[in-house]
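Written below as C-alpha cells is the structure these notes are about.
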Amino acid sequence: MTPRVLTGDRPTGPLHLGHYFGTLRNRVRLQHDYDMIVIIADYQVLIDRDVADRLGETVDGLLLDYLAAGLDPGCTTIFTHSAVPALNQLLLPFLSLVSVPELQRNPTVKDEIQHSRQSSVSGLMFTYPVHQAADILFCKGNLVPVGQDQLPHIEMTRTVARRFNERYGPVFPIPEGLLSDAPLLPGTDGRKMSKSRGNAIALSAGPDEVARLVKGATTDADRHISYDPEGRPGVSGLVQLAALCLDRDPSELAGEIGDAGAAVLKRTVTEAVNEFLAPMRERRAAYAKDMQFVRNLLKSGNARANELADQTLREVQVAMGTNY
Ligand code: TRP
C-alpha cells in the first residue's frame with residue numbers, strides 16, 4: 001500500500017516563503033509518490049483566540065496558498081479537521097491514555113503558554129497535542145513531515161498509538177516524524193521568518209510589495225557582501241533567500257556580489273524572489289477566479305477524510321467493545 005503522509009497547518013494567516021522552503025516544497029515533491037493528506041487544523045487555532053477571528057477567510061486564503069504553491073488537487077487531499085466528527089471523537093479515548101503531568105511537560109505547549117497573549121490558559125492549550133494525535137491517527141498516517149517544534153506532538157502521537165494498541169489490540173500504525181532538511185529561512189531582519197515578527201514575505205505578495213520589503217531589510221555597515229549567517233545575520237539572510245530562489249549556493253552568490261554592496265544584493269534578492277513567485281502568482285490568479293472550485297475541493301477533501309475517520313472509529317469501537 002502507498003504510505004500515507006499527513007501534515008498540515010494552523011490557519012493563522014497567509015503562508016510565506018519560510019513555509020514554502022520549510023515544508024510546502026517538500027509536500028509538492030512528495031505528493032505524487034505518497035497518499036498526501038493535508039490538514040487545515042482550524043480547531044487548533046482556538047488556543048489563541050486573537051487569531052481565530054474570521055477563520056473562513058483565512059481558510060480560503062490558505063487553500064489558495066496551497067494551490068499556488070503547487071499542491072495538485074488531483075492527488076492531494078486537503079481537509080479541515082472541524083468538519084470530521086469521527087476524528088474529533090477519537091480525542092476522548094485518547095485523552096484517557098495520557099496523564100495530566102505528561103500534558104504539562106510538553107515543551108512546545110509550555111513555550112506557547114509563555115508567549116500567549118491570553119489572560120488565562122485554556123484546557124485546549126494542554127490537550128491540543130492529543131487532538132493532534134487524532135489528526136494523525138484517524139487516517140493511520142505513516143509519515144508526518146514537520147518542523148522541530150512539532151516533535152513533542154509526534155512523540156505524544158506515538159505514545160497514544162502504542163498505549164491504545166497495548167490496551168485494546170492493534171489498530172494504529174506508529175507514525176514517524178520527518179524533519180525537513182531545509183535550513184531555517186531568516187526574514188528581512190535576519191531572524192527566523194515569522195508573520196508575528198513582521199519580517200515575512202508572503203507567497204501572495206505582489207512585485208511592489210516584495211521590492212518594498214526587501215528594500216527595508218536589515219543589512220550592516222560592511223560594504224563587501226559575504227555569507228556568514230552567525231556574524232552577519234541580516235546580509236546572510238538576504239543572500240540565503242536569493243540563493244534558495246535561484247537554487248544556487250549562498251557563498252558563491254555572495255562572492256559574485258562582493259564589493260557591489262547591499263544595493264546590488266537587494267536588487268538581486270528582489271528579482272530572484274519575484275521571478276520565483278511569478279508562477280505561483282499565475283496559479284493563484286487562475287484559481288482565485290473560481291472560488292467555487294476551490295471550496296468544492298475542500299468539500300471533497302472533507303468527504304474523503306470523513307470516510308477514513310468513520311472507518312477508523314468503527315475499528316476503535318470494535319477494539320474497545322463499544323460497537324453497540
Ligand atoms: N501543530 C501544527 C502547527 O502548528 C499544525 C498541525 C495540526 C499538524 N495537526 C497536525 C501538523 C498534524 C502535522 C500533523 O503547525
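For ligands, and for the atoms within them, numbers begin at 1 and follow the listed sequence.
For ligand 1, the atoms sitting less than 4.0 Å from at least one non-hydrogen atom of Ala41 are 7 (C), numbered in the order shown with element in parentheses. Every atom of ligand 1 is numbered from 1 in the order shown, and the set under 4.0 Å from a heavy atom of Val144 is 13 (C), 14 (C). The distance from ligand 1 to the heavy atoms of Gly8 drops below 4.0 Å at these ligand atoms: 5 (C), 11 (C), 13 (C).
Considering only non-hydrogen atoms, atom 2 (C) of ligand 1 lies nearest to Gln150 out of His153, Arg10, Gln150.
At least one N or O atom of Gln44 sits closer than 3.5 Å to an N or O atom of ligand 1. Note: an N/O pair closer than 3.5 Å links Asp135 and ligand 1 by distance alone.
For Arg27, the salt bridge (Lys or Arg N to Asp or Glu O under 4.0 Å) criterion is met by Asp9, not counting sequence neighbours.
Donor-acceptor pairing under 3.5 Å is lacking for the side chains of Gln311 and Glu307.
The minimum heavy-atom distance between Phe94 and Ala134, with the atom names listed, is CE2-CA, 3.7 Å.
Protein heavy atom closest to atom 8 (C) of ligand 1, with residue, atom name and distance, is Gln132 NE2, 3.5 Å. Nearest protein neighbour of atom 14 (C) of ligand 1, counting heavy atoms only, is Leu6 CD1, 3.6 Å.
Residue Val28 is tested with Thr23, Leu71, Thr76 for a side chain to side chain contact (heavy atoms under 4.5 Å, CB included); the sole match is Leu71. Partner of Gln44 under the side-chain hydrogen bond (donor to acceptor under 3.5 Å, both in side chains) criterion, chosen from Gln132, His81, His131: Gln132.
Classification of Arg105 and Glu155 as a salt-bridged pair fails, no side-chain N sitting under 4.0 Å from a carboxylate O.
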